[in-house]
Trainee: 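Can you read through this structure? Questions will come right after.
Here the structure is a predicted model, which is why all the values come from computation and not from measurement. First the proteins, then the strands, lettered A, B, ... as listed; each starts at 1.
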Amino acid sequence: MNKNQVVQVLEKIATYLELQGANSFKISAYRKAAAALENDARSMEEIEDVTALKGIGKGTAAVITELLEHGKSTELEQLQAEVPAGLPPLLKIPGLGGKKIAKLYAELGIDSAEALKKAAEEGKVQQLAGFAKKTEEKILKELETFGKRSETHPVWQLEQVVADIDAILATIEAIECFSVAGSYRRVKESSKDVDYMIASTAALAVKEALLEKVTYAEIVAAGDTKISFILPGEEGPSIDFRIVTPQEYATALHHFTGSKEHNVRLRQIAKDRGEKISEYGVEQQDGSVLTFESEEAFFNHFDLPFMPPTVRAGNAEFERYAEIPKLVTEADIRSDLHMHTTWSDGAHTVEEMGRALMAKGYEYAVITDHSQYLKVANGLTPERLAKQREEILRFNHANPTFNLLRGTEMDILPDGSLDFSDDVLKELDFVIASIHSSFAQPQEQIMERLHNALKNPYVHMIAHPTGRVIHQRDGYNPDMVQLLAWAKKYNKIVELNANPYRLDLCVAHLEMAAEAGVPVAINTDAHAIEQLRYMTIGTKYAQKAWLHKDMIVNTWSFEKFMDFLHTR
DNA sequence: GCCGTTTTCGGCCCGACTGTTTTCAGTCG
């Protein structure tokens, strides 16, 4: 039984305990034990003594041992015998928790969504103590969409939502400052909802402006300081706005950015010092409350450096904080090495892209249109590629402070051959190789294709090395250990494709690349000027793998980058 | 259930909102 399965059993036990109305600390003890396993980088076999992990004690260790030795849990089986299988899914209905569901089961024998619907329609639910008409109506309403609404929303969906909401909030005068918070700010690959923190001295005016300007499908809550909507569309995510005073803003933003585990760790640190953290500030022993100008000042108060939201997982950031100043940030980025123009499937010309890159403050960049194989993307033949050269030279001539390089995103064909001959490749400054076809091949064949590209002396980088699309497809499943070993051997770059649909390599693979000493490039793969903004999310994502700026080739100066290309 | 300890039991992060009840429980993040 592997770690994922063990974690799932522990979480299942917690869920069943919840439905039995068990002690809430006991429930969270099981969840903490699951999290402790999950947050440990080692496999189940590599962990000698699970009780050495903080959060795992005698009880949960016994469950784990039984699972490993016998593949089952008596504890879980016992609970499953007592709690009907139809109850756990009901926890997903907003407004219903363990206690209410337990009551519905105990008093009305409700053990499924269907039974709940029937009882609510018959008006039986509102007769229970603690329930009433509104609760019953809400249950019926939630049951309509029950099981249909997706639980989490991929980062590529939310990236657009956040861009839109940012634009709206910027127009509301009563708002002094605002920021997205929650798991989106920590750049999780998917989030349940979107959280915003707003600083204002006129909460009511902000509330009214939000109700007026944000297009929503439904109002979930509308209190004095918390407004919550479900956004339109079949998969519309929910979005929460919290309004605090400017003094409270820094601590509130920190609190609502999480993660929960990070907050717990920090609150413990505060408690040990006789202080108490809440979203409104840090309460001192004399009852006074300290507030902070910024999150930096808040962390400094606890003698900690500013921890970027992306590393706030509740573990490594408290052990590895000396490394934080070395982590890559968007300010370190000097170029973008992967983008498309109207020559292939991009929306803007070489000239337009070049100007946008200069406006971003970059020193250099590479135009990398698709190669001829990719006909759907209007891939370039060697002849058109040669013609594009003139346009790029013209741009450089007109803009001597910038270096626009000539490149290609060349397909690695299904048979393993490369789309351009060496004679074509050697004329280019920068060559990307990537797979866009025949994802379903066996791994050996995929690896052979990648090997062919990696050992070619004119290839510099493998783009989106797994081909995954978050929540949509897994990609072509390369052997990452082997791929990185070859990249190291042939001195190639692997990409972190910053397009929020991809984020490829993923965090775990990026950690492997760092470990193997393979340089990484963070690129937007922009198909339009607006998509150059993906560098923001790309650099933040890289922080999650604790990538230092010196591992990222596009933080290097133009001279250092060119040296790397020429001396490989 | 876990942890820590002034070592064997008390505390476990903390607050907003809703719906219910009339001072609070449950849910949520």
Trainee: If you take the centroid of each ring, where Trp contributes its six-membered ring, are A/Phe318 and A/His262 closer together than 6.0 Å?
Mentor: yes
Trainee: In whole angstrom, give the distance that lies between atom CG of A/Asp240 and atom P of B/dT18.
Mentor: 11 Å
Trainee: Taking the C1' atom in each of B/dG1 and B/dT6, what is the distance between them to the nearest angstrom?
Mentor: 24 Å
Trainee: Taking any heavy-atom pair under 4.0 Å as a contact, classify A/Ala222: base, sugar-phosphate, or nothing.
Mentor: sugar-phosphate
Trainee: A/Leu128 CG to B/dG19 P: how many Å, rounded?
Mentor: 17 Å
Trainee: Any side-chain N or O of A/Thr60 less than 4.0 Å from the OP1 or OP2 oxygen of B/dC2?
Mentor: yes
Trainee: Would you check if the side chain of A/Asn263 reaches a backbone N or O of A/His255 as a donor-acceptor pair within less than 3.5 Å?
Mentor: yes
Trainee: From the list B/dC17, B/dG15, B/dG26, which nucleotide is the closest neighbour of the side chain of A/Lys100?
Mentor: B/dG26
Trainee: Pick base, sugar-phosphate or nothing for A/Ile56, based on heavy-atom distances below 4.0 Å to the nucleic acid.
Mentor: sugar-phosphate
Trainee: Taking atom types as modelled, is there a side-chain donor on A/His471 or A/Gln157 under 3.5 Å from an acceptor on the other?
Mentor: no
Trainee: Roughly how many Å apart are B/dT27 and B/dT20, using the P atom of each and rounding to a whole number?
Mentor: 13 Å
Trainee: Does any N or O in the side chain of A/Ser190 come within less than 3.5 Å of the main-chain N or O of A/Val155, such that one atom is a donor and the other an acceptor?
Mentor: no
Trainee: Looking across every strand, which nucleic acid part, if any, lies under 4.0 Å from A/Leu10 by heavy atom: base, sugar-phosphate, or nothing?
Mentor: nothing
Trainee: Considering only B/dG26, B/dC12, B/dG4, which nucleotide approaches the side chain of A/Lys54 most closely?
Mentor: B/dG4
Trainee: Once you apply a heavy-atom cut-off of 4.0 Å, does A/Tyr30 come out as touching a base, just sugar-phosphate, or nothing?
Mentor: sugar-phosphate
Trainee: Would you classify A/Phe131 as touching base, sugar-phosphate or nothing, given that sugar-phosphate means primed atoms plus P, OP1 and OP2, and contacts are heavy atoms under 4.0 Å?
Mentor: sugar-phosphate
Trainee: Kindly state each residue pair satisfying salt bridge (charged side-chain N to carboxylate O under 4.0 Å, His left out) with at least one member in residues 153-176 of chain A, sequence neighbours excluded.
Mentor: A/Glu159-A/Arg533
Trainee: Across all strands, who's sitting opposite B/dG10 as a Watson-Crick or G-U wobble pair, both distances under 3.5 Å?
Mentor: B/dC3
Trainee: Reckon A/Lys138 touches a base, only the sugar-phosphate, or nothing at all at heavy-atom distances under 4.0 Å?
Mentor: nothing
Trainee: Tell me whether the OP1 or OP2 atom of B/dT18 has a side-chain N or O from A/Thr135 closer than 4.0 Å.
Mentor: no
Trainee: Do the charged groups of A/Glu295 and A/Arg312 touch, with an N to O distance under 4.0 Å?
Mentor: yes
Trainee: Taking atom P in both B/dG15 and B/dT22, what distance in whole Å separates the two?
Mentor: 25 Å
Trainee: Of all the nucleotides listed (B/dG4, B/dG15, B/dC28), which has the minimum atom distance to the side chain of A/Pro94?
Mentor: B/dC28
Trainee: Between A/Arg31 (CZ) and B/dC3 (C1'), how many Å, whole number?
Mentor: 20 Å
Trainee: Taking the C1' atom of each, how far is B/dA16 from B/dC9, in whole Å?
Mentor: 32 Å
Trainee: Using a 4.0 Å heavy-atom cut-off across all strands, classify A/Lys103 as base, sugar-phosphate, or nothing.
Mentor: nothing
Trainee: Using whole Å, what does the distance between atom P of nucleotide B/dC2 and atom CG of A/Leu17 come to?
Mentor: 12 Å
Trainee: Which part of the nucleic acid, if any, lies within contact of A/Thr225, taking any heavy atom under 4.0 Å across all strands shown: a base, the sugar-phosphate backbone alone, or nothing?
Mentor: sugar-phosphate
Trainee: Taking the C1' atom of each, how far is B/dT21 from B/dC17, in whole Å?
Mentor: 16 Å
Trainee: How long is the line joining NZ of A/Lys32 and C1' of B/dG4, in whole Å?
Mentor: 13 Å
Trainee: Output yes when A/Glu137 and A/Lys141 qualify as a salt bridge under the 4.0 Å nitrogen-oxygen rule, no when they do not.
Mentor: no
Trainee: Just call it for A/Leu53: base, sugar-phosphate, or nothing, with non-hydrogen atoms closer than 4.0 Å on any strand.
Mentor: sugar-phosphate
Trainee: Is the shortest side-chain N to carboxylate O distance from A/Glu218 to A/Lys138 below 4.0 Å?
Mentor: no
Trainee: Quantified in whole Å, what is the P atom distance between nucleotide B/dC12 and nucleotide B/dT5?
Mentor: 15 Å
Trainee: Of A/Asn263 and A/Leu91, whose nearest nucleotide on DNA chain B comes first from the 5' end?
Mentor: A/Asn263
Trainee: Between A/Lys260 and B/dC28, is there a side-chain N or O to OP1/OP2 distance below 4.0 Å?
Mentor: no
Trainee: Provide, to the nearest angstrom, the distance between the CD1 atom belonging to A/Ile101 and the P atom belonging to B/dG26.
Mentor: 13 Å
Trainee: Just call it for A/Ile277: base, sugar-phosphate, or nothing, with non-hydrogen atoms closer than 4.0 Å on any strand.
Mentor: sugar-phosphate
Trainee: Base, sugar-phosphate, or nothing for A/Gly258, non-hydrogen atoms under 4.0 angstrom?
Mentor: nothing
Trainee: Quantified in whole Å, what is the P atom distance between nucleotide B/dG19 and nucleotide B/dC13?
Mentor: 28 Å
Trainee: Nearest of B/dC14, B/dG1, B/dT20 to any side-chain atom of A/Lys134?
Mentor: B/dT20
Trainee: To the nearest Å, give me how far apart CD1 (A/Ile27) and P (B/dT27) are.
Mentor: 10 Å
Trainee: So which nucleotide from B/dG29, B/dC17, B/dC14 ends up closest to the side chain of A/Arg267?
Mentor: B/dC14
Trainee: Calculate the interatomic distance between A/Lys276 atom NZ and B/dG15 atom C1'; express it in whole Å.
Mentor: 10 Å
Trainee: So, does A/Lys192 get its side chain near the phosphate of B/dG29, meaning an N or O under 4.0 Å from OP1 or OP2?
Mentor: yes
Trainee: From the set B/dG29, B/dT18, B/dC12, return the single nucleotide nearest to any side-chain atom of A/Phe25.
Mentor: B/dC12
Trainee: Does A/Ser24 place a side-chain N or O at less than 4.0 Å from the phosphate oxygens OP1/OP2 of B/dC12?
Mentor: no
Trainee: Side chain of A/Lys271: nearest nucleotide among B/dC2, B/dC12, B/dC14?
Mentor: B/dC12
Trainee: Under a 90° cut-off about 0 for the syn range, is B/dT18 syn or anti?
Mentor: anti
Trainee: Output yes when a side-chain donor or acceptor of A/Gln126 lies under 3.5 Å from a complementary backbone atom of A/Thr135, and no otherwise.
Mentor: no
Trainee: Return the nearest nucleotide to the side chain of A/Ala29; candidates are B/dG1, B/dG29, B/dT27.
Mentor: B/dG1
Trainee: Does A/Lys99 place a side-chain N or O at less than 4.0 Å from the phosphate oxygens OP1/OP2 of B/dG26?
Mentor: yes
